[in-house]
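Input: a single structure, listed below in structure tokens.
Just so you know, these numbers come straight off a predicted model, no measurement behind them. Below, chains carry the letters A, B, ... as their sequence lines are ordered, and counting in each starts from 1. Values below: all heavy atoms of this structure, side chains included; hydrogens, waters and symmetry mates excluded.
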Amino acid sequence: MTDAPLDAPATLSDIPREPTQDGPAVRLFLVDGSGFIFRAYHALPPLTRKSDGLPIGAISGFCNMLWKLMVDMKAQAEAPTHLAVVFDHSEQTFRNKLYEQYKAHRPPPPEDLIPQFPLMRRATRAFGVPCLELPGYEADDLIAAYACKVRDAGGEVTIISSDKDLMQLVGDRVSMLDTMKNLKIGREQVIEKFGVPPEKVVDVQALCGDSVDNVPGAPGIGVKTAALLINEYGDLDTLLARAGEIKQPKRRDTLIAFADQIRLSRELVRLDCDTPLPEPVDALVVDDPNPEELSAFLEEMEFKSLARRVGAGGAAPAQVPAAAPARPPQAAIDVNAYVCVRDMPTLDAWIVRAKAAGVVAFDTETDALSSANAALCGISLAVAPGEACYIPVGHENESNGGLEFEAPEAIEQLTVDEVVARLKPLLEDPTVLKVAQNAKYDMAVLSRHGVAVAPIEDTMLISYALEAGLHKSHGMDELSKRWLEHEPIKFSSVTGTGKSQKSFKHVPLEPATCYAAEDADVTLRLYELLRPRLAREGLLTVYETLERGMPAVLAQMENEGIKVDTDTLRKLSNDFSVRMGELEIEAHRLAGRPFNLGSPKQIGEVLFQEMGMASGKITATGAASTDASMLEDLAAQGHELPRVLLDWRQLSKLKGTYTDNLVQAIADRTGRVHTSYALASTTTGRLSSSDPNLQNIPIRTEEGRRIRKAFIAEPGHVLISADYSQIELRILAHVGDIPQLKRAFAEGHDIHAATASEMFGVPIEGMPAETRRRAKAINFGIVYGISAFGLANQLSIPQDEAGAYIKTYFERFPGIRAYMDRTKQMARTQGFVTTIFGRKVHIPAVKSKSAAERAFGDRAAINAPIQGAAADVMRRAMIRMPAALREAGLSTRMLLQVHDELVFEATEAEADATIAVVKKIMERAAEPAVSLSVPLVVEARAATNWDDAH
DNA sequence: TAAGTCACG
DNA sequence: GACGTACGTGACTTAT
């Protein structure tokens, strides 16, 4: 923890606030910035920022004190209307011209305080408070000038300081406040300290001087004597004029001898009301901090607990602390309050409101589920909680199957083109933040209408950055129920389900408006609720660098699609059918009866009951397993049928999952296959691909590769596959700090052979293939959270032998053990683990009552930082890729991502240049956030089909 | 809708 | 010390 253990208040938002600038009376708070930071510095232990050791003790205290002040201020019956923090300017001041020695003997500030000075100003601005400073003047001069100005205009001033030099300013409407001691300093307190009222403090100070500031004063005269003299003679000028009357010879002589020095001292301590004002008083009006700026700053400083407190307050209007349960956070969601926009003036009015708000949530409705073919039905906007509209553009009356004689009456709505044209400037306006739930979908749809939505935030990804692993879904319905305690209208309830389900374009405008506008409304509410948590929970950087840029990139990839060779796939499908038929006949012959080869249950009956083969392991439900490894075992025992079943299964899988369906998946619009990537479906940060899944296209078998060959480039183009070599093991070597592995990677050795060599003490040259295979299995096992059982299973060796390997591995690479132990520890104590890029992966299973589930959680915890970091690296590369290609003048398109591989389509002419750019971006993707201690290596190749590009 | 299986990293 | 057992996905088929 880097936070100051200072007492800080709970929240801002629940404290009633006076309207600012209401009436003429200005109530100004002026904070003495230097005073604040010196007190913070001395009050706190020397804290440093965890990530880089930057000293931040003073700035932490400063922030806590400032925040506490802001909260306390608002709690006052007559809350201040104006607030500023005043700083010394580091240059020489006019006092040095008067007296060279002024403040000359002051020791330099402590070394670890120096780097914190500039941060004070940033902190102040981050809290939304004006900073005041002026070259040639001290903070005290500015404080005096503002205090005089406001006081003379009939306002009130409170100076937040305990500096005695400022006490001369105290008066009827000017007081001081020592926030550390919670003391108000008024006229009485000044008299107590100086023995004179505030207006005579300067005279006393001129006499007694100040050793700290090197104000000379009169030698031998202290505060008591000075006050006595001033009270006796009325003021300094009178005293000096009548010095000869003083009875005590020493005092008399001193005052006469040092009269000039005393007058000089008075000039040095006197604060001048005529100091120019760098900002008008009006500029100091109290304002709430910009939550984003403040969050970003606090996160950068790594002030977690303050960020939490701050975020719980003003930044999140929707979040109500437990203290105020009676008041609902926002107006309840009322779907009947939404507006259906069907004319231009109304649309324009909403656009104006969105611009004024600076933030607009939006959602697109389309006539299909997958974005590849979807046409726009309408767009909804939300400009404030509860204030949302729906703009239909593509709704139609449902035809009655052509039974009517006349065409159905057209629906009165704006056209797609005019609405898009009108919304485009808003959606692309850099000063208006757009918010969407699963922005990728909306961006894909809109990009087909020539709209590049930016800047954009995604509530789904915010939830994912915050809580990956805690929930299966980060979909809007779940988020709404989870955070707003509101169940949105179900899509199926407006479209119907099953056979009678209709396209959204056929939904009547009234229910369509309720449904669509509610989505935008909910999205905006979720945004206001979740977004402040990012900074508060230290995940802003993760979100900004690993999540936020992805929707645009993926939308583009999905829209691009990839070409597949229909003929090849059809031929394959036929070929597979024929061979499956042959295998089926053979299987029935061997079984002695027909049975369904696709039914594990029937296979079990045939193999284990009728043919009497020994059943091995059982499935979760207690049935005898017939999976591939089981069938392999039986085949190895000399049985014929299992081999036939294995062959049939392979072909069945390939045909059913790939050949037939890929052809079906070709979109009419483009003639290409468009997958859909899920950004928030895995726990580790990986993507997933579906409809169709293009991340599991076969490659491991010869038959399978024939399918991969059907993924092709357009004529005159090539596909380029670029994949990270051993990225997970490289990350393991880095996080586990394994010198041998790091060296092997640095020198470009075969990592599995090097592992085997290290473990078994055999040279790499002439190493038996089996030895390397075992090391390879162990390396993979480690990444998965190894167990003797799992390794034994994988290698088909006895469990104790596998256990011995693991033991040897840990002895040779003790860093791995340490990594595993600390990772498990972290998971168990915090409930989550993190990647080197800061991504959080929650592992709730580690807290389970079941030992089995806990063990499962342990393994997931070991794997997540490795798999997750690899995913982080890939995301960074992907986000940077489009600009890098563009800047290189290349027209190359990124098409697919398969975890550690990217697939591009380039013209033949641009292939080589593309490979160079792609390799560079991918290999440097970790930088500058993380400096890996192993090189990242990318292998890239171009060919006309995907298989040959490997 | 669950279970079993298997394609991928 | 017992507990099931490599990590992360999606899609298909059968069976309920």
Side-chain angles (χ1 to χ4, degrees), chain A residues 468-469 472 595-604 617-631 645-646 648-662 665 675-678 681-701 703-705 707-708 723-724 726-729 732 777-795 799 802-803 806 833 841 843 845 848-868 870-871 874 896-901:
Chain A
K472 271 203 129 152
F595 66 100
N596 185 345
L597 275 69
S599 164
K601 197 182 166 206
Q602 293 182 33
I603 290 175
K617 60 186 176 186
I618 51 164
T619 65
T621 49
S625 171
T626 68
D627 69 11
S629 76
M630 192 62 225
L631 295 181
L645 292 173
L646 282 167
W648 185 90
R649 269 202 188 147
Q650 189 197 5
L651 296 177
S652 164
K653 180 75 171 185
L654 295 179
K655 179 173 150 53
T657 307
Y658 302 103
T659 57
D660 295 352
N661 289 319
L662 277 174
T675 183
S676 172
Y677 289 104
S681 77
T682 71
T683 52
T684 55
R686 273 191 179 182
L687 306 182
S688 76
S689 158
S690 63
D691 312 300
N693 182 353
L694 296 186
Q695 287 183 321
N696 69 347
I697 300 303
I699 194 171
R700 291 172 184 171
T701 66
E703 295 295 352
R705 279 205 292 277
I707 288 163
R708 198 168 274 242
D723 70 290
Y724 283 107
Q726 305 288 3
I727 186 168
E728 293 194 353
L729 280 178
L732 177 69
I778 296 167
N779 275 335
F780 276 102
I782 292 293
V783 171
Y784 296 151
I786 201 158
S787 74
F789 182 92
L791 183 63
N793 221 14
Q794 184 66 31
L795 285 175
Q799 203 169 314
I806 294 168
V833 292
V841 178
I843 317 264
S848 164
K849 285 195 193 76
S850 145
E853 275 178 45
R854 277 201 308 279
F856 183 78
D858 281 347
R859 292 193 299 273
I862 288 164
N863 176 257
I866 300 167
Q867 188 183 113
M874 181 54 104
L896 302 177
Q897 188 251 44
V898 193
H899 309 308
D900 64 357
E901 173 191 10

OP1 or OP2 of dT5(B) sitting under 4.0 Å from any side-chain N/O of Ser625(A)?
yes

Ile697(A) near the nucleic acid: base, sugar-phosphate alone, or nothing, with a heavy-atom cut-off under 4.0 Å?
sugar-phosphate

Arg859(A) with Glu853(A): basic N within carboxylate O range, under 4.0 Å:
no

Touch check for Val898(A), heavy atoms < 4.0 angstrom, all strands: base, sugar-phosphate only, or nothing?
sugar-phosphate

Reading DNA chain C 5' to 3', what string of ( ), [ ], | and . shows its pairs, if Watson-Crick and G-U wobble pairs count only when both distances fall under 3.5 Å?
......|||||||||.

Over how many whole Å does the gap from Gln726(A) atom CD to dG9(B) atom C1' extend?
12 Å

Just call it for Arg700(A): base, sugar-phosphate, or nothing, with non-hydrogen atoms closer than 4.0 Å on any strand.
base

Please state whether the phosphate of dT9(C), meaning OP1 or OP2, lies under 4.0 angstrom from any side-chain nitrogen or oxygen of Ser690(A).
no

How many whole angstroms separate atom CG of Asn696(A) from atom P of dT5(B)?
18 Å

Check the pair Gln695(A) / Gln897(A) against side chain to side chain contact (heavy atoms under 4.5 Å, CB included), numbers first and verdict last.
CA-CA 7 Å; Gln695(A) 287 183 321; Gln897(A) 188 251 44; 2.9 Å; yes

Does His899(A) or Arg854(A) map to a spot on DNA chain C nearer the 5' end, using the closest nucleotide for each?
Arg854(A)

So what does Ala620(A) touch, heavy atoms closer than 4.0 Å: a base, only the sugar-phosphate, or nothing?
sugar-phosphate

Measure from CZ on Arg686(A) to C1' on dC8(B) and round the result to the nearest Å.
9 Å

So, using side-chain contact (heavy atoms from CB on, under 4.5 Å) as the criterion, who are the partners of Ser787(A) when residues are at least two apart?
Phe789(A)

Does Gln867(A) contact dC7(C) through a side-chain donor or acceptor facing the base, at a distance under 3.5 Å?
yes

Contacts of type salt bridge (charged side-chain N to carboxylate O under 4.0 Å, His left out), residue Lys653(A), not counting sequence neighbours
none

The side-chain contact (heavy atoms from CB on, under 4.5 Å) partners of Leu646(A) (sequence neighbours excluded) come to Ala628(A), Leu631(A), Glu632(A), Arg643(A)

If you look at every strand shown and take non-hydrogen atoms under 4.0 Å, does Thr683(A) touch a base, only sugar-phosphate, or nothing?
sugar-phosphate

What residues, two or more places apart in sequence or in another chain, satisfy side-chain contact (heavy atoms from CB on, under 4.5 Å) together with Pro692(A)?
Leu662(A), Ala665(A), Val673(A), Leu694(A)

For the side chain of Pro698(A), starting at C-beta, report the closest nucleotide among dA7(B), dT5(B), dT9(C).
dA7(B)

Answer with base, sugar-phosphate or nothing: what part of the nucleic acid does Ala628(A) contact at a heavy-atom distance below 4.0 Å?
sugar-phosphate

For Ser681(A), all residues meeting side chain to side chain donor-acceptor pair (under 3.5 Å), sequence neighbours excluded
Ser688(A)

For Glu703(A), all residues meeting salt bridge (charged side-chain N to carboxylate O under 4.0 Å, His left out), sequence neighbours excluded:
Arg579(A), Arg706(A)

Using nucleotides 4-6 of chain C, report all nitrogen or oxygen pairs with the protein that are shorter than 3.5 Å.
residue	atom	partner	partner atom	Å
dT5(C)	O2	Ser787(A)	OG	2.9
dA6(C)	O3'	Arg859(A)	NE	3.1
dA6(C)	N6	Ala777(A)	O	3.2

Are any protein N/O atoms closer than 3.5 Å to N/O atoms in nucleotides 12-16 of chain C? If there are, list each pair with its distance.
residue	atom	partner	partner atom	Å
dC12(C)	OP1	Asn661(A)	ND2	2.9
dT14(C)	OP1	Asn596(A)	ND2	3.2
dT14(C)	O3'	Ser599(A)	OG	3.2
dA15(C)	OP1	Ser599(A)	OG	2.5
dA15(C)	OP1	Gln602(A)	NE2	3.2
dT16(C)	OP1	Lys601(A)	NZ	3.2

If I take atom CD1 in residue Ile618(A) and atom C1' in nucleotide dT5(B), what distance separates them, rounded to the nearest angstrom?
17 Å

Quick one: does Tyr784(A)'s side chain have a donor or acceptor within less than 3.5 Å of a partner on Asn779(A)'s backbone?
no

After noting the C-alpha distance and the side-chain angles of Leu645(A) and Ile603(A), does the key distance pass the side chain to side chain contact (heavy atoms under 4.5 Å, CB included) rule?
CA-CA 9 Å; Leu645(A) 292 173; Ile603(A) 290 175; 3.7 Å; yes

Rounded to whole Å, please give me the gap between CG in Asp627(A) and P in dA7(B).
11 Å

Residues which pass ring pair (Phe, Tyr, Trp, His ring centres under 6.0 Å) with Tyr677(A), listed by chain and number, not counting sequence neighbours:
none

Would you list the pairs meeting side chain to side chain donor-acceptor pair (under 3.5 Å) in which at least one residue belongs to residues 595-604 of chain A, sequence neighbours left out?
none

Integer-rounded Å distance: dT9(C) P and Gln897(A) CD:
14 Å

Rounding to the closest angstrom, what is the interatomic distance between dA6(C) and dT5(B) at atom P?
13 Å

Using OP1 and OP2 only, check whether a side-chain N or O of Thr682(A) sits under 4.0 Å from dG8(C).
no

Roughly, in whole Å, what's the span from CG in Leu597(A) to P in dC6(B)?
13 Å

For Asp858(A), salt bridge (charged side-chain N to carboxylate O under 4.0 Å, His left out) partners two or more places apart:
Arg828(A)

note: Leu645(A), atom CG; dT5(B), atom C1'; distance rounded to Å ~ 13 Å

